[in-house]
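Okay, so here's the structure we're looking at.
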Amino acid sequence: MEALDYHAEERRKAEFNLDEMKIVWAGSRRNYELSDRVARLVASDPVFRKDNRTMLTRKDLFKDTLRKAAHAWKRIIDLRLSEEEANMLRSYVDQPAFTDLHWGMFIPAIKGQGTSEQHEKWLPMAYKMQIIGCYAQTELGHGSNVQGLETTATFDPQTDEFDLHSPTLTSSKWWPGGLGKVSTHAVVYARLITGGQDHGVHGFIVQLRGLDDHLPLPGITVGDIGMKFGSGAYNSMDNGLLRFDHVRIPRNQMLMRVSQVTREGKFVQSDVPRQLVYGTMVYVRQTIVSDASCALARAVCIATRYSAVRRQFGSQNGGPEIQVIDYKTQQSRLFPLLASAYAFRFVGEWLKWLYTDVTQRLQANDFSTLPEAHACTAGLKSMTTSVTADAIEECRKLCGGHGYLSNSGLPELFAVYIPTCTYEGDNVVLLLQVARFLMKTVSQLGSGKKPVGTTAYMGRAEHLMQCRCEVEMAQDWLKPSTILEAFEARAVRMSIACAKSLGKFSNPEDGFAELSPDLVEVAIAHCQLIVVSKFLEKLQQDIPGKGVKRQLEILCNVYALHLLHKHLGDFVATGCITPNQGALANEQLRLLYAQVRPNAIALVDAFNYTDHYLGSILGCYDGNVYQKLYQEAWKDPLNDTVVPDGYLEYLRPILKQHIRTARL
Ligand SMILES: CCCCCCCCCCCCCCCCCCCCCCCC(=O)SCCNC(=O)CCNC(=O)[C@H](O)C(C)(C)COP(=O)(O)OP(=O)(O)OC[C@H]1O[C@@H](n2cnc3c(N)ncnc32)[C@H](O)[C@@H]1OP(=O)(O)O
Ligand SMILES: Cc1cc2nc3c(=O)[nH]c(=O)nc-3n(C[C@H](O)[C@H](O)[C@H](O)COP(=O)(O)OP(=O)(O)OC[C@H]3O[C@@H](n4cnc5c(N)ncnc54)[C@H](O)[C@@H]3O)c2cc1C
């Protein structure tokens, strides 16, 4: 018998080839096939079950995470999964774990900041997980300000060792994932001191726990920092605290690609820029952008499918009520998020390319593109995670009351997701880094130095400062060059206006601090331009499949025009467009929503998410929402008994007292 599909009619409405769209989303046919195989592998394995996760106590959740990680590792070995497949497996298992930090930060830190001898010594053990590491940078007193870290690593020429010490309470390491209960090793960031001189923050490989008994080594205090936001969620991770009481490590455990300390205790700064010490963060920020599109797509998939099932009001002659997805307000809240998921997917692909390119250049000692890579990863990490976090909450609201149920999947997704706005760089702090980069670029405009890469448009500042938008009718907004020029003109005009305001301050740092809210807006305008332009570039590629390119063009226009509508003040105030042209953009946006509507379900089907990964009754593929909600309610432990525990002690006495009072 064919399974019920409540979305069958919706799926029939689609105007494009779904299989081809799945490939576009995955990046290539090969990626699609790998990802599909791994998703099914995870979904069909009972060890990876996650529907009961929010009910577990912290200890049980943590043990469940250890079990899943061990099982995942076994599957990776048994099936000889590649690094790429293992990473897909991590995504589909969907439970933050120490393994994220081991593979995502500990190993990359050694690779990026270690010498070839250090690679040879440490990487084979790390790859086999004979040692497990974390990334211990943040302290109780300092996270954003890395230069303010207090942990010290003092070289002792007598013994050829570093003495690691936590001199104050605020120097305690605080937050590193995997540190609390699991890691045997850490890359610890500490101030390097030689001959009484402070050389700033550097990375050191430090063993924390015994490899046989897992007990902390002498001088080391280590533990978990406690429960975090939400149930389930990020509590599967053992974010930890760590203190050193004069712990000794050999000199060759300082990561020495950027700077070295000789046997005599001489500090040597190589030609490699000091910022490479921050290189692991650049790598992870890039991965966070790709992950943002996945989290956003997940929330949007749930809200879209549910919006097609849910009906409220408008029944005619006893017929069905209106599907809430047909309300224009629902569309204007949902479809820009759907478009953003695609936009972030494509900008994530591009950022991966940029990161690979900069890494190859760094290996050849070409550091010229490092500032651009830093600005792009910082800015896009900030922008995509802020949008995604807000979007998950919006999707919860789009699902009405049922969105607040844990089994909608949205509360836990939100709780797991929101720290991305803080970790790997607070989003505002990162946007200020972008703003610094932009102000520097503007200040060099007159010097003959041509801006390149994502700031190349600033080289056309003269034109962009005075160009006039030529839109006369709503449909004029569909021209890619018109959209691009409006976004470029807005970004350049906001940047130059801020640079001019900065010039009025005698001390530039005072000016930067005073104008920082405006600078954040400038950085956002620049990042939005990057996303819009990368979406437009994607559309220049050969995209096969009936109607696929057309749908992507519609989504690209939705993405750009909803931003234009949202930030209309910026566009009008800078004179890039007139208020009337803004109104025409909004008119066009409404027409675009009507074009998205018949394709909405198929556009979220293209993410190819299994019901296991979605973890949401509201978002299930077959749309059989009400029956599943009803069945699920009876599985709640509160429904194990008809009369709840505590009735005799607490409820009955009140009820009885009430009866007595009533009789009086
Ligand atoms: C159960 C499941 C099992 C499954 C098993 C499966 C196994 C296989 C799995 C495979 C897994 C792969 C996983 C990947 C996933 C990874 C997930 C990771 C999760 C992350 C958790 C979070 C971790 C953290 O949070 S770590 C800590 C992060 N901390 C920060 O980000 C701190 C933010 N602060 C800063 O970055 C800096 O301090 C800064 C930049 C704000 C200021 O620095 P500073 O004061 O030194 O600089 P400035 O004076 O402002 O600038 C000087 C100069 O330098 C430039 N610059 C700054 N930063 C950089 C940089 N990074 N790169 C390059 N240049 C930089 C800056 O622009 C200035 O330039 P000028 O030209 O001089 O202006
Ligand atoms: C779930 C989670 C996992 C983490 N995992 C790790 C890990 O594995 N390893 C690790 O080392 N760290 C980790 N961290 C720490 C994380 O990297 C830091 O919390 C993060 O970098 C933010 O720093 P902070 O906490 O010092 O925030 P703060 O800098 O104290 O931010 C507080 C407020 O001050 C504002 N602010 C700060 N500086 C400025 C400024 N210059 N201008 C304007 N506003 C400013 C911020 O915008 C924010 O609103 C993790 C954190 C979390 C939440």
Side-chain angles (χ1 to χ4, degrees), residues 327-340 342-344 347 379 382-384 386-388 390-391 394 397 427-428 431 434-435 438 457 461 463-498 500-501 515 517-536 553-596:
Y327 289 110
K328 291 289 170 187
T329 48
Q330 191 85 352
Q331 294 178 4
S332 68
R333 293 158 68 202
L334 182 58
F335 294 166
L337 304 181
L338 173 60
S340 303
Y342 278 88
F344 293 175
V347 84
S382 174
M383 197 203 104
T384 57
S386 291
V387 169
T388 299
D390 291 350
E394 186 64 13
K397 290 187 251 178
N427 278 355
V428 169
L431 287 175
V434 180
L438 294 176
Y457 67 100
H463 164 72
L464 292 170
M465 287 302 284
Q466 43 78 39
C467 64
R468 288 163 64 94
C469 173
E470 287 175 355
V471 165
E472 288 173 356
M473 293 182 298
Q475 72 190 48
D476 293 341
W477 273 118
L478 299 179
K479 224 170 133 189
S481 56
T482 303
I483 290 181
L484 192 61
E485 189 167 273
F487 276 81
E488 286 181 342
R490 166 205 182 209
V492 96
R493 289 178 196 198
M494 287 173 74
S495 290
I496 289 179
C498 247
K500 278 189 184 151
S501 305
L515 298 178
D518 297 346
L519 286 159
V520 163
E521 298 297 322
V522 170
I524 291 173
H526 172 73
C527 293
Q528 289 175 345
L529 164 62
I530 297 179
V531 182
V532 168
S533 65
K534 297 303 157 194
F535 206 149
L536 289 169
E553 281 165 356
I554 293 170
L555 290 175
C556 180
N557 289 330
V558 167
Y559 181 72
L561 295 185
H562 105 278
L563 284 180
L564 195 141
H565 180 61
K566 190 168 162 199
H567 297 273
L568 194 58
D570 285 355
F571 284 91
V572 174
T574 49
C576 297
I577 66 169
T578 64
N580 187 46
Q581 288 169 328
L584 290 172
N586 200 27
E587 190 183 321
Q588 183 54 58
L589 197 50
R590 280 200 306 276
L591 298 171
L592 289 166
Y593 292 153
Q595 293 173 31
V596 173

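Atom set for the values below is all heavy atoms of this structure, side chains included, hydrogens, waters and symmetry mates excluded.
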How close do L568 and G582 get, heavy atom to heavy atom, and via which atoms? CD1-CA, 3.6 Å

Could you tell me whether the side chain of T578 reaches within less than 4.5 Å of the side chain of V471, counting heavy atoms only? no

What closest approach, in Å, do I577 and W477 show between heavy atoms, and which atom pair accounts for it? CG2-CH2, 3.8 Å

Is the number of heavy atoms from other residues, nucleotides or ligands under 6.0 Å of H567 NE2 greater than 12? yes

Where is the tightest heavy-atom contact between A523 and L438, given as atom of each residue plus distance? CA-CD1, 4.1 Å

Return yes if some donor-acceptor pair links the side-chain N/O of Q528 with the main-chain N/O of A525 below 3.5 Å, else return no. no

Look at the side chain of T482 and the backbone N and O of L478, then say whether any donor-acceptor pair between them is shorter than 3.5 Å. no

Return yes if a side-chain donor-acceptor contact under 3.5 Å exists between Y457 and H463, otherwise no. no

Distance-minimising heavy-atom pair for E472 and L584: O-CD1, 3.4 Å

Over all atoms of both residues, closest heavy-atom pair of L464 and A489: O-CB, 3.7 Å

Going from CE on M383 to NE2 on H526, what distance comes out if it is rounded to the nearest 0.5 angstrom? 11.0 Å

For the atom pair CG (N557) and CG (L564), what is the distance rounded to the nearest 0.5 Å? 11.5 Å

Taking everything shown except K328 itself, do over 12 heavy atoms lie less than 6.0 Å from its NZ? yes

Tell me, do Y559 and V531 make a side-chain contact under 4.5 Å, heavy atoms counted? yes

Taking all non-hydrogen atoms of both residues into account, name the closest pair between S340 and H562 and its distance. OG-CE1, 4.1 Å

Using atom types as modelled and distance alone, determine if a side-chain donor or acceptor of D476 lies under 3.5 Å from a backbone N or O of M473. yes

Could you grab the distance from atom NZ of K500 to atom OG of S495, nearest 0.5 Å is fine? 12.0 Å

Are any side-chain N or O atoms of Q581 and backbone N or O atoms of C469, one a donor and one an acceptor, separated by less than 3.5 Å? yes

Looking at side-chain heavy atoms only, is the closest gap between L555 and F535 below 4.5 Å? yes

Ring centroid separation F571 to F487 under 6.0 Å: yes

About how many Å separate SG of C556 and CG of L536, when rounded to the nearest 0.5 Å? 4.0 Å

How long is the straight-line distance from OH of Y593 back to CG of L338, given to the nearest 0.5 Å? 11.0 Å

Apply side-chain contact (heavy atoms from CB on, under 4.5 Å) to the pair I524 and V434, showing each step before the final yes or no. CA-CA 9 Å; I524 291 173; V434 180; over 6 Å; no

So, does R493 use its side chain to make a donor-acceptor pair with the main chain of G575 at under 3.5 Å? yes

Say you draw a straight line from CG of L561 to CD of E587; how long is it, rounded to the nearest 0.5 Å? 11.5 Å

